[in-house]
Number of protein chains: 2
Amino acid sequence: MARKKEFDEDELLNKAVALFWDKGYHATSAQDLVDGLGINRSSLYNTYTDKRTLFTKSLRQYQAKNTGAVLSMLKNVVNAQEAITQLLYAVIKESEEDELAKGCFMVNTAIELSSHDKEIGSLVAENAKSVEDAFARTIEKGQQDGQFTKAKSAKALAHFVFSTISGLRVSARSGVDKQTLEDIVEVALSALKA
Amino acid sequence: MARKKEFDEDELLNKAVALFWDKGYHATSAQDLVDGLGINRSSLYNTYTDKRTLFTKSLRQYQAKNTGAVLSMLKNVVNAQEAITQLLYAVIKESEEDELAKGCFMVNTAIELSSHDKEIGSLVAENAKSVEDAFARTIEKGQQDGQFTKAKSAKALAHFVFSTISGLRVSARSGVDKQTLEDIVEVALSALKA
DNA sequence: ACCGATTTGAAACATTCGTTCCGAATCGGT
DNA sequence: ACCGATTCGGAACGAATGTTTCAAATCGGT
């Protein structure tokens, strides 16, 4: 009935994620998107309406992939302490492999837009809540297994772990060395121990 | 010899700090600055060269005032544990009183610009280092006084405390409630205890 | 009271911004 | 093979960007 699209929408969205992730919303121009995605202006606006819509779709794409991976990993945890430990060291590994020091797209967006864009703000908040809830469930299991301290509620510990990751991501984006990140993770983990 | 300036440069710089702090570098336009500072375009460019220079001066102003206050508070600490505790709760109090949820200008700038602007990046890094060093000295004293754990080095604990504050500031900028921030602080403090 | 220096105000600058438009090209269905 | 629909390419849009210009206003020193 019509001409076929000449690009893979999902792959294109991944490219958009990379661009916005690296430079943020305001510093990424429409021209940057045209160049970076390798498609025409018309196709871009035709497919994604406008820049802001493309950004929110990129954010959702990131959430589906990255947050989704975390949630499914925490879905059926056998060893809670190992799971949380792995999660924190994964942040270090990720920042090691990322020579652009992009940090975390959600954290970056929270800082750049959350306080001035209600819709994006609640998207970020919702993402945080889903992660924290998963953390809390895992930590609660760790408490029952005697791995984590019961001196604080699972919810409080979950807030703490989430905040630790945010802090790690800020440091990663600032380009601190691996040793510093490991210091942070080790101390944070010690706070959870029974 | 010449006409007097009709504005107070220092007061003007404080206004610039507030503007950049709230909206970030890219989202704050020259027009926003003209409106917000209440001076003319010419005076602005005449006094501060250009937008980026004004931004760096604002950042230094923030550093001098805020980081300076922290450093001088940590200069002659008698009770290390009390000092660190106060510092963390001060972040909560500050975010409570800030209805705009501006977070921390340094953290915001680290996220927005550190990875793409070398000069600003090293300004942020230098600021972080001076704070972490002051933390380390205070924590070392706390270790000697038997308040803080010796299981980790003072430097590692300092990295952790700094990262915790970054995490708090991200949360504050995202608009989380006071209870969550208190959870984070309490768990973080427990990690430092002997 | 005047001169030289500096600030001010408002208009104008070129450039880039995000977005739209439209003819040409390309596809699927009949 | 042709039609209808959709996408593509590139030019063009008005608005906003950061910055400059310049005459008028205002000051201090003599």
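Naming convention: chains lettered A, B, ... in sequence-line order (proteins, then strands); numbering from 1 in each chain. What you see below is based on every heavy atom in this structure, not just the backbone, and it leaves out hydrogens, waters and symmetry mates.
Rounded to 10 degrees, the angle separating the terminal helix axes of the helix from C:dA1-D:dT30 to C:dT30-D:dA1, each built from five base pairs, is 10°.
One atom, CG of B:L33, and another, C1' of D:dT17, lie 12 Å apart when rounded to the nearest Å. Rounded to an integer number of Å, the gap from OH of A:Y48 to P of D:dC8 is 11 Å. Rounded to whole angstrom, the span from the CG atom of B:L44 across to the C1' atom of D:dG18 amounts to 11 Å. The interatomic distance linking A:N46 (CG) with C:dC27 (C1') rounds to 15 Å, in whole Å. Following rounding to the nearest Å, A:L37 (CG) and D:dC8 (P) show an atom-to-atom distance of 12 Å. The distance from atom CD1 of A:I39 to atom C1' of C:dA25 is 17 Å, rounded to the nearest whole Å. Summarising the geometry, the separation between OH on A:Y45 and P on D:dC13 is reported as 17 Å, rounded to the nearest angstrom. Distance A:D32 CG to C:dT19 P: 14 Å, rounded to the nearest Å.
Atom CH2 of B:W21 and atom CZ of B:R173 lie 10.0 Å apart (nearest 0.5 Å). Rounded to the nearest 0.5 Å, atoms CD (B:E132) and CG (B:L157) are 12.0 Å apart. Atom-to-atom distance recorded for A:F160:CZ and B:T164:OG1 is 5.5 Å, nearest 0.5 angstrom.
Between the side chain of B:S42 and the base of D:dC22, no donor-acceptor pair under 3.5 Å is found. Taking only distance into account, the side chain of A:R41 never meets the base of C:dT20 through a donor-acceptor pair shorter than 3.5 Å.
The existence of a salt bridge linking A:K102 and A:E94 is excluded, since no basic side-chain nitrogen approaches an acidic carboxylate oxygen closer than 4.0 Å. Under the 4.0 Å criterion applied to side-chain N and carboxylate O atoms, A:D32 and A:K23 are assigned as salt-bridge partners.
In summary, the side chains of A:N108 and A:E112 do not present any donor paired with an acceptor at a separation below 3.5 Å, with no hydrogens or angles considered. Remark: the B:S95 side chain and the B:D98 side chain contain no N/O donor-acceptor pair separated by less than 3.5 Å.
Aromatic ring pairs are classed by plane angle as parallel below 30°, tilted from 30° to 60° and perpendicular above 60°; the pair A:F55 and A:F105 is perpendicular.
Heavy-atom distances under 4.0 Å link DNA chain D to no residue of residues 108-115 of chain A. Shown for residues 18-27 of chain A: no residue has heavy atoms falling under 4.0 angstrom of DNA chain D.
Within the hydrophobic cluster formed by Ile, Leu, Val, Met, Phe, Trp and Tyr side chains joined at under 4.5 Å, directly or through other members, B:L100 stands alone, with no partner residue. Counting side-chain heavy-atom gaps under 4.5 Å among Ile, Leu, Val, Met, Phe, Trp and Tyr, the cluster of B:V170 also holds A:V107, A:I111, A:V170, B:V107, B:I111. Summarising the hydrophobic clusters (Ile, Leu, Val, Met, Phe, Trp, Tyr; side-chain heavy atoms under 4.5 Å, direct or chained), the residues clustered with B:L71 are none.
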>> Show, in sequence, the C-alpha distance, side-chain angles and deciding distance for A:K65 and A:V17, and conclude whether the side chain to side chain contact (heavy atoms under 4.5 Å, CB included) test is met.
In response: CA-CA 11 Å; A:K65 286 184 102 179; A:V17 168; over 6 Å; no
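In the set C:dT8, D:dG18, C:dG18, C:dG18 carries the atom at the smallest distance from any side-chain atom of A:A30. Of the candidate nucleotides D:dG9, C:dA11, C:dG18, D:dG9 has the atom lying nearest to any side-chain atom of A:N40.
Residue A:S43 has no polar side-chain atom (N or O) positioned under 4.0 Å from OP1 or OP2 of D:dT7.
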